[in-house]
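Below: the structure, in structure tokens.
Protein chains get the first letters and strands the later ones, always in sequence-line order, with residue 1 at the start of each. Values reported hereafter were calculated over all heavy atoms of this structure, with side chains retained and with hydrogens, waters and symmetry mates removed. Only a predicted model underlies this, so the values are computations on that prediction, with no experimental measurement involved.
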Amino acid sequence: MEKIASLRGFRDISGEEAEKFVRIELVSRAIFELSGFREISIPILEKTELFKRSIGDTTDIVEKEMFTFIDRNGDSLTLRPEATAGVVRHYLQEALHARERISRLFTMGPMFRHERPQKGRFRQFHQVDVEIFGAAEPIVDAELLWMITRMLDRLAVKYYAIEVNSVGCKACREPFKEKLVAYFSEKKEALCPDCQNRLYRNPLRIFDCKSQACIELGKESPLIFDHLCENCRAHFETLTRYLAEFGVDPVFNKRLVRGLDYYTRTVFEVTSGELGAQKAFLAGGRYDNLVEEMGGPSVPGIGFAIGMERLALIMSSSQISKGLKYFLALIGDKAAAYRIPVIKALAERDIPISYSPNPKSLKSQMRHADSIGTDYVMILGEGELEKGIILVRNMRSGNQAELPLDTTSLAGRLQTLVLE
RNA sequence: GUGAGUGUAGCUCAGUUGGUUAGAGUACUGGGCUGUGGUCCCAGGCGUCGAGGGUUCGAAUCCCUUCACUCACCCCA
């Protein structure tokens, strides 16, 4: 029989990585709920149209990276490549704009993009997604960045950089695009083929290019940051003041742009040098027009997504001290009668208990106990049965003690046992 | 989608200019120690050498095809 393996880019999350995922989830909930966010869960599958309209028709994600298929009834469906679109859909579908002035939501789960996998990039990957609807003021931009630093602090992530920029609003972007196209058109021959194509479709993205020629040209080009309208400039300046008050110290990167069309004004990325080519493990920004463009009222929004796989890569190994572990070793059929009663008694008192399903020699059971990091082994055989006791051995020191063989009192006695 | 690199035991990897029965470490199981783990010693099982085809008396080794993984590009969390 041929073995069946998981699909390319679809992985099992296990071992240390799984523990880190749980820590990310726990810390996320703790931090975000403190700031008034509530957790929601939204579908993985949506109508393709939702993503086309929110992310943008001409983005790479929509053009070539979505898992899209035709359903039995002819609808085009897509596995979500990011979470914001679905959260906006939820916001409108539940009419949250009519029920509360500000909505603070977060969600977590798998996302899907049909890309070639590499370090820190997979076809199914996981994000924690955080969104605020209904607040245009720069204080929430600052608050989000501050929450991010608290979260990374709590997860003991030390070496990272927060990059911030403003990409302006409609009012300042259209005139700027014309300037940009004018600038690059003069030097079109020097651009790489990709960027020659980008020039008319999405000129802002030329700044993302890694080809040396385009980087050189980009150094001299006009920047959106230098052509912000008055309101956008004021927003950004207030943001920097608030960031200082929060004690957040970002890097201002005038060249930072994002791959999704809906961003306005504040955009940011958190990067780590340990991640290889995909150095951003968190990214987000403001999207003041998205809700309206999705058919809702004019409601501003801002949010970010954390790439859990990438974050896990830069988290140090967890050293959470777990409770003491116990192991039950049995010799002989008579002793085996105590197995289930003892296991039940300890588990009911929340004491971690393991055993060998097929107890052979005591030696083999001791090896088993040792291999799983047991702190105390309880030994029960003929001798103990005769004396009416159970032996408890401290696996670190080798010292042993005797306790009465009485399942109703055993758990309590173990909890108060002092055995150096 | 493009490029490069790598596929040999559960894991990490040796394997000479093609040569007989493919190895080591680790892990696992058992024993030395008949009721006591870790250290030590001994023993044991394990492989369709990624898959398919070709060259050859003979292929893990050379050639072709294919698949998978990894890294990078594009782009992105």
Side-chain angles (χ1 to χ4, degrees), chain A residues 1-9 11 15 24 55 58-66 80-84 108-130 192-195 197-198 202 205 208-211 214 257-260 268-272 275-285 303-314 327 329-332 335 356 358-385 391-400:
Chain A
M1 280 283 279
E2 198 182 331
K3 275 186 244 172
I4 297 176
S6 61
L7 295 167
R8 181 198 296 265
R11 340 162 24 249
I24 293 170
I55 298 168
T58 62
T59 55
D60 280 24
I61 291 178
V62 170
E63 280 189 339
K64 53 182 197 185
E65 291 171 4
M66 296 204 302
R80 61 182 186 191
E82 58 106 48
T84 302
M108 37 185 116
M111 309 294 156
F112 305 84
R113 289 183 202 171
H114 195 115
E115 295 182 282
R116 200 65 171 263
Q118 63 189 79
K119 187 178 176 70
R121 173 198 287 173
F122 310 100
R123 290 186 172 179
Q124 175 174 336
F125 58 102
H126 298 78
Q127 290 186 339
V128 179
D129 186 78
V130 181
C192 72
D194 278 332
C195 284
N197 189 25
R198 285 186 190 122
N202 207 340
R205 301 274 288 288
D208 260 349
C209 187
K210 272 118 190 157
S211 103
C214 301
V257 289
R258 316 254 56 254
L260 286 65
F268 51 90
E269 251 179 35
V270 185
T271 59
S272 164
L275 286 174
Q278 281 67 235
K279 63 195 179 91
F281 62 90
L282 184 158
F304 65 87
I306 302 166
M308 293 176 69
E309 282 83 357
R310 291 183 186 177
L311 178 54
L313 278 174
I314 57 173
F327 189 96
L330 299 165
I331 308 143
S356 291
N358 54 344
K360 295 177 192 166
S361 65
L362 180 59
K363 182 196 192 78
S364 73
Q365 294 181 73
M366 293 299 285
R367 279 187 180 165
H368 182 177
D370 186 59
S371 72
I372 60 175
T374 301
D375 299 289
Y376 291 96
V377 174
M378 287 167 285
I379 300 169
L380 185 60
E382 296 286 335
E384 287 75 18
L385 284 172
L391 213 53
V392 182
R393 177 183 178 86
N394 180 323
M395 292 294 275
R396 201 174 302 278
S397 66
N399 294 331
Q400 302 190 159

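Relative to the side chain of A:Q118, the nucleotides B:G31, B:C71, B:G38 differ in distance, and B:C71 lies closest. Among the nucleotides B:G35, B:U36, B:G31, the one closest to any side-chain atom of A:E382 is B:G35.
Where A:G381 and A:S361 each meet RNA chain B at their nearest nucleotide, the meeting point lying more 5' is that of A:S361.
Among residues at least two apart or in separate chains, there is no salt bridge (charged side-chain N to carboxylate O under 4.0 Å, His left out) pair with a member in residues 359-370 of chain A.
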ask   = How does protein reach along nucleotides 40-45 of chain B, written 5' to 3' as B (base within reach of a heavy atom under 4.0 Å), S (only sugar-phosphate), or - (no contact)?
value = ------
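When rounded to the nearest whole Å, the span between CE of A:M378 and C1' of B:G35 equals 17 Å.
The base of B:U36 lies outside donor-acceptor range of the side chain of A:Q365, with no N or O pair under 3.5 Å.
Residues satisfying the ring pair (Phe, Tyr, Trp, His ring centres under 6.0 Å) criterion with A:F304, sequence neighbours excluded, are absent altogether. Shown here are the side-chain contact (heavy atoms from CB on, under 4.5 Å) partners of A:R393, two or more places apart in sequence or in another chain: A:M366, A:M395, A:Q400. Partners of A:R121 under the salt bridge (Lys or Arg N to Asp or Glu O under 4.0 Å) rule, at least two apart in sequence or in another chain, are A:E115. Residues forming a side-chain contact (heavy atoms from CB on, under 4.5 Å) with A:S397 (at least two apart in sequence, or on another chain): A:N394, A:N399. Residues satisfying the salt bridge (Lys or Arg N to Asp or Glu O under 4.0 Å) criterion with A:R11, sequence neighbours excluded, are A:E17. Not counting sequence neighbours, the partners of A:R396 by the salt bridge (Lys or Arg N to Asp or Glu O under 4.0 Å) test are A:D375. For A:E269, the salt bridge (Lys or Arg N to Asp or Glu O under 4.0 Å) criterion is met by A:R258, not counting sequence neighbours. Partners of A:Y376 under the ring pair (Phe, Tyr, Trp, His ring centres under 6.0 Å) rule, at least two apart in sequence or in another chain, are A:Y326.
Residue A:E384 is in base contact, counting any heavy-atom pair closer than 4.0 Å across all strands shown. As judged by a 4.0 angstrom heavy-atom cut-off over every strand, A:A283 is placed among residues touching the sugar-phosphate backbone only. Within the nucleic acid shown, A:R8 comes within 4.0 Å of sugar-phosphate atoms alone, with no base atom in reach, counting heavy atoms only.
Taking the P atoms as reference points, B:G3 lies 15 Å from B:C74, given to the whole Å. Distance noted for atom P between B:U55 and B:C64: 15 Å (whole Å). Atom name P, nucleotides B:C67 and B:A51: the rounded distance is 15 Å, in whole Å. To the nearest whole angstrom, the two C1' atoms, one in B:G31 and one in B:U21, are 27 Å apart. Taking atom C1' on both nucleotides, B:G23 is separated from B:U8 by 10 Å, rounded to a whole Å. With P as the reference atom, B:U61 and B:U56 are 16 Å apart, rounded to whole Å. The gap from the C1' atom of B:A4 to that of B:A14 amounts to 25 Å, rounded to the nearest Å.
Put simply, the side chain of A:M108 does not reach to within 4.5 Å of the side chain of A:H126, judged on heavy atoms.
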task = State the dot-bracket string of RNA chain B. Criteria: Watson-Crick or G-U wobble, both atom distances under 3.5 angstrom; notation: ( ) intrastrand, [ ] crossing earlier pairs, | interstrand, . unpaired.
result = (((((((..((((.....[...)))).(((((.......))))).....(((((..]....))))))))))))....
For nucleotides 1-7 of chain B, give me every protein contact, N/O to N/O, under 3.5 Å, one pair per line with atom names.
| residue | atom | partner | partner atom | Å |
| --- | --- | --- | --- | --- |
| B:U2 | O4 | A:R116 | NH1 | 3.0 |

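Aromatic stacking of A:F125 on B:A77: satisfied, with centres closer than 5.5 Å and planes within an angle under 30 degrees.
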